[in-house]
Amino acid sequence: MQLNFPNAANHKAVASDVFVFLKENHQEYDVIVLDPPAFAKNIKSKHTATQAYKRLNSAAIKALAPNGILFTFSCSQVIDDLLFYNTIAAAAIESGRNIRVLHKLEQGPDHPTNIYHPEGHYLKGLVLFVE
């Protein structure tokens, strides 16, 4: 941060368990980026991973200031685009806040998907505007 923005006094870096941090910290943020490791490494962990994505995004939505932006991602192969979207939508509904999808994101051309292995299309994300 100091190399790129030497006068950025408002930047703060935190190394913590995100679930604990968002639960214990009562500050509101203008922007939150959620880029967790793969919660589902196999089909058996799909349900548990889906619940973890919902809990994580729900906590982040609560921590956003009005008119905040949430960048949320998943790199779990067994969580497809629709399931990820619906999981984030469930967290949004639970929050009771008005939330709009600004962008749907996916892996770039440097990660092409083999036609015979659709699970290779595993990088996905959403940019949300949270009122």
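Owing to the predicted nature of the structure, the values given are computational and were not obtained by experimental measurement.
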Taking atom NE2 as the centre, does His117 end up with more than 12 heavy-atom neighbours from other residues, nucleotides or ligands that are less than 6.0 angstrom away?
yes
What closest approach, in Å, do Ile115 and Pro118 show between heavy atoms, and which atom pair accounts for it?
O-CD, 4.3 Å
Applying side chain to side chain contact (heavy atoms under 4.5 Å, CB included), run through Gln51 and Phe39 and close with a yes or a no.
CA-CA 10 Å; Gln51 295 305 311; Phe39 284 162; over 6 Å; no
Hydrophobic clustering (ILVMFWY, side-chain heavy atoms < 4.5 Å, transitive) - are Ile88 and Phe73 grouped together?
no
Show every side-chain hydrogen bond (donor to acceptor under 3.5 Å, both in side chains) that has at least one partner inside residues 58-68, sequence neighbours left out.
Ser58-Glu94
So, Tyr53 and Ser76: side-chain donor and acceptor under 3.5 Å apart, yes or no?
yes
Measure from the side-chain N and O atoms of Asn57 to the backbone N and O of Ala60, and report whether any donor-acceptor pair falls under 3.5 Å.
no
Following the transitive rule for hydrophobic clusters with a side-chain heavy-atom cut-off under 4.5 Å over Ile, Leu, Val, Met, Phe, Trp and Tyr, establish whether Ile93 and Ile99 coincide in one cluster.
no
List the atom of Ala52, the atom of Phe19, and the distance in Å for their closest heavy-atom pair.
O-CZ, 3.9 Å
Does any part of the side chain of Arg100, heavy atoms only, come nearer than 4.5 Å to the side chain of Glu131, both counted from C-beta?
yes
So does Leu64 get a backbone contact from the side chain of Arg97, meaning a donor-acceptor N/O pair under 3.5 Å?
yes
In terms of hydrophobic clusters joined by side-chain contacts under 4.5 Å, are Leu105 and Ile69 together?
yes
Sequence neighbours excluded, which residues qualify as ring-ring contact (aromatic ring centres under 6.0 Å, His included) partners of Tyr122?
none
From the list Val127, Leu126, Leu128, side chain to side chain contact (heavy atoms under 4.5 Å, CB included) with Phe71 holds only for Val127
Could you pull out the closest heavy-atom pair between Val78 and Lys46, with the gap in Å?
O-CE, 3.3 Å
Can you check whether Asn42's main-chain N or O pairs, donor with acceptor, with Ser45's side chain at less than 3.5 Å?
yes
Output the distance between atom CD (Glu106) and atom CG (Asp81), rounded to the nearest 0.5 Å.
7.0 Å
Result block: side-chain N/O donor-acceptor pairs under 3.5 angstrom for residues 24-37, not counting sequence neighbours:
{"residue": "Asn25", "atom": "ND2", "partner": "Tyr29", "partner atom": "OH", "Å": "2.4"}
{"residue": "His26", "atom": "NE2", "partner": "Glu24", "partner atom": "O", "Å": "3.4"}

Donor-acceptor contact present, side-chain Lys124 to main-chain Ile79, <3.5 Å:
yes
